[in-house]
Amino acid sequence: KQIKKIIKTNFSNIQYFKSQRIKHDDINSVVTLIHTKNQIFTLHEILNIKSKNRIESICKIVNYCYKNKIKVPKPIQTDNKKFLINNIYLTSFIEGKKFSNDIYEFNDLAKNIALLHKKLREYPEHVPKNIHQKYYAPLSLKNLEEIISNTKKSKIDLLIKKNYLLIKQSILLEKKIPKLFRKNKQLIHFDLQPKNILFKNKKLSGILDFNSVQYGDSFEDVLFAGFR
């Protein structure tokens, strides 16, 4: 009843038929499918929302990408021309499945990440920083040696120890790259993992969940997506 009221009050052009809560592994949000007679929408409820301005800005980014033919869900504006209602926003529904290790899917993903980065780089507005988000810090040689010498090792520490020589060489190589060849920071997705990328008929059908978007190096997205 509450969801029906939200739709009826804020989206007069959507004729509510029924709703369906869907299971997913993001503890920071609740997702509900909204069915009309001939369409499906996705209602996102952000739990413990920290910055409404940031979420509204993220919806604007996704809308900008959608208008520029990037495969993202279309954010739906309210009757008041806003995207966020308290801690809730609505998008179109994208059908698809997770990555299946298919080479054609992988190639299409690479192409679409490049297109996404191009449009994020061109995005004209500033995006508020997520002050509550944890950021990655580059691993230094000192950090690496501390991990290796530590007697109490986590699973990640053991993985680092196993790949010690490769990681050490990578750190040394990174220091030799001239600043001239380092890219300027731009907006990146920052969470390109399997649950946020959908495929249909061996083609990418949608990139989801831009809530972690931030300024960084586009290679961070590429490497993170490849790793995951």
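Because only heavy atoms are used, hydrogens play no part in the values below, and waters and symmetry mates are left out as well, while side chains stay in. This chain uses plain numbering: 1 for the first residue, then up along the sequence. Note that the structure is predicted; figures quoted are calculated from it, not measured.
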> What pair of heavy atoms forms the shortest contact from S149 to E146, and how long is it?
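Shortest heavy-atom separation between S149 and E146 comes out as OG-O, 3.1 Å.
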> Between E145 and Y164, is any side-chain donor less than 3.5 angstrom from a side-chain acceptor?
yes
> Between F106 and F99, what is the ring plane arrangement, given parallel below 30°, perpendicular above 60°, and tilted in between?
tilted
> Checking the side chain of D108 only, and the main-chain atoms of L204 only, is there a donor and an acceptor separated by less than 3.5 Å?
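Indeed, once roles are kept as given, a pair shorter than 3.5 Å links the two residues.
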> Evaluate I55 against N211 for side-chain contact (heavy atoms from CB on, under 4.5 Å), listing each step before the verdict.
CA-CA 7 Å; I55 300 299; N211 291 341; 4.3 Å; yes
> Do I76 and V62 land in one hydrophobic cluster if side-chain heavy atoms of ILVMFWY residues count as linked below 4.5 Å?
no
> Give a yes or no on whether the backbone of F83 and the side-chain of E56 come within a donor-acceptor separation of less than 3.5 Å.
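Checking the backbone N and O of F83 against the side chain of E56, a donor-acceptor pair under 3.5 Å is found.
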> Just wondering, do I46 and V30 contact through their side chains at under 4.5 Å, heavy atoms?
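Side-chain contact under 4.5 Å: no.
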> Using modelled atom types and a 3.5 Å cut-off, is there a donor and acceptor pairing between side-chain atoms of D221 and backbone atoms of H189?
yes
> Measure the spacing between CD1 of I167 and CG of L172 and express it to the nearest 0.5 Å.
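So the CD1 of I167 and the CG of L172 are separated by 12.0 Å.
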> Out of curiosity, does L120 fall in the hydrophobic cluster containing L109 (side-chain heavy atoms, cut-off under 4.5 Å, transitive links)?
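They do share one cluster, since a chain of ILVMFWY contacts under 4.5 Å joins L109 to L120.
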> Please check this pair: side chain of D217 against backbone of F219, looking for a donor-acceptor N/O pair closer than 3.5 Å.
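Side chain of D217 to backbone of F219: a pair is present.
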> Can a donor-acceptor pair be found, under 3.5 Å and without considering hydrogens, that links the side chain of D102 to the backbone of Y104?
yes
> Using 0.5 Å steps for rounding, measure from the OG1 atom of T42 to the CD1 atom of I34.
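Answer for the OG1-CD1 pair, T42 versus I34, is 8.5 Å.
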> Can you confirm whether Q77 sits close enough to K82 that some side-chain heavy atom of one is under 4.5 Å from a side-chain heavy atom of the other?
no
> Decide yes or no for I197 and L208: does some side-chain heavy atom of the first lie under 4.5 Å from some side-chain heavy atom of the second?
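No - every pair of side-chain heavy atoms lies 4.5 Å or more apart.
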> ring-ring contact (aromatic ring centres under 6.0 Å, His included) between H35 and F17: does it pass, once the steps are laid out?
CA-CA 5 Å; H35 295 260; F17 179 63; 7.9 Å; no
> With side chains defined as the heavy atoms from C-beta onward, is the minimum distance between K5 and Y16 less than 4.5 Å?
no
> Would you mind reporting whether Q193 and F224 have side-chain heavy atoms less than 4.5 Å apart?
yes
> Check whether more than 12 heavy atoms from other residues, nucleotides or ligands sit under 6.0 Å from atom CD of Q2, and answer yes or no.
no
> Do I22 and I3 land in one hydrophobic cluster if side-chain heavy atoms of ILVMFWY residues count as linked below 4.5 Å?
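No, it is not one cluster - the side chains of I22 and I3 are not joined through contacts under 4.5 Å.
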> Closest heavy-atom contact between C65 and L116?
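Closest pair (atom of C65, atom of L116, distance): SG-CD1, 4.0 Å.
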> Quick one: do S100 and E105 satisfy side chain to side chain donor-acceptor pair (under 3.5 Å)? Show the steps, please.
CA-CA 8 Å; S100 63; E105 290 181 353; 3.1 Å; yes
> With distance as the sole criterion, is a donor-acceptor pair present between the side chains of Q20 and T32 under 3.5 Å?
no
> Check K161 against I148 and note the closest heavy-atom contact, atom names and distance.
CA-CD1, 3.6 Å
> Looking at side-chain heavy atoms only, is the closest gap between T78 and L84 below 4.5 Å?
no
> Please assess K60 against Y123 for the test side-chain contact (heavy atoms from CB on, under 4.5 Å), listing each intermediate value before the final yes or no.
CA-CA 10 Å; K60 289 180 180 179; Y123 186 68; 3.5 Å; yes
> Do any N or O atoms from the side chain of K98 and from the backbone of L198 form a donor-acceptor pair under 3.5 angstrom?
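Such a contact is absent between K98 side chain and L198 backbone.
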> Check the hydrophobic clustering (I, L, V, M, F, W, Y; side-chain heavy atoms under 4.5 Å; chains of links allowed) and say if I160 and L165 are grouped together.
yes
> At what distance, to the nearest 0.5 angstrom, does OG of S205 lie from CD1 of I94?
6.5 Å
> Does the side chain of Y89 reach to within under 4.5 Å of the side chain of H44, using non-hydrogen atoms?
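The answer is yes, as the side chains (C-beta and beyond) meet within the 4.5 Å cut-off.
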> To the nearest 0.5 Å, what is the distance between CG on N196 and CG on D191?
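Answer for the CG-CG pair, N196 versus D191, is 5.0 Å.
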> Can you name the nearest heavy-atom pair linking Y64 to K119, along with the distance?
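Y64 and K119 have their closest heavy atoms at CE2-O, 3.3 Å.
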> Taking I6's backbone N and O only, do any of them form a donor-acceptor pair with T9's side chain (distance below 3.5 Å, no angle check)?
no
> Assess whether side-chain contact (heavy atoms from CB on, under 4.5 Å) is satisfied between I61 and V127, documenting all intermediate values.
CA-CA 9 Å; I61 293 171; V127 180; 3.3 Å; yes
> Find the distance between CD1 (I188) and CD1 (I113) and round it off to the nearest 0.5 Å.
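Between atom CD1 of I188 and atom CD1 of I113 there are 11.0 Å.
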> Using modelled atom types and a 3.5 Å cut-off, is there a donor and acceptor pairing between side-chain atoms of D79 and backbone atoms of S12?
yes
> Do other residues, nucleotides or ligands put more than 12 heavy atoms under 6.0 Å from the CG atom of L166?
yes
> Cluster question for you: counting only ILVMFWY and a side-chain heavy-atom cut-off of under 4.5 Å, with indirect links fine, are V72 and L33 together?
no
> Taking C-beta and beyond as the side chain, do K52 and N86 meet within less than 4.5 Å on heavy atoms?
yes
> Mind listing the closest non-hydrogen atom pair of K118 and E122 along with its distance?
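That closest heavy-atom pairing would be NZ-OE2, 2.8 Å.
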> For S140 and N143, does a side-chain donor sit closer than 3.5 Å to a side-chain acceptor?
yes
> Tell me, with the steps shown, if I70 and L115 meet side-chain contact (heavy atoms from CB on, under 4.5 Å).
CA-CA 7 Å; I70 304 300; L115 293 173; 3.9 Å; yes
> Between atom CZ of F210 and atom CZ of F190, what is the distance when rounded to the nearest 0.5 Å?
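Answer for the CZ-CZ pair, F210 versus F190, is 14.5 Å.
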> Do you know which of F93, F41, Y66 makes side chain to side chain contact (heavy atoms under 4.5 Å, CB included) with K74?
Y66
> Counting only N and O atoms by type, is there a donor-acceptor contact under 3.5 Å from the side chain of R54 to the main-chain atoms of P128?
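Between the backbone of P128 and the side chain of R54 there is a qualifying donor-acceptor contact (under 3.5 Å).
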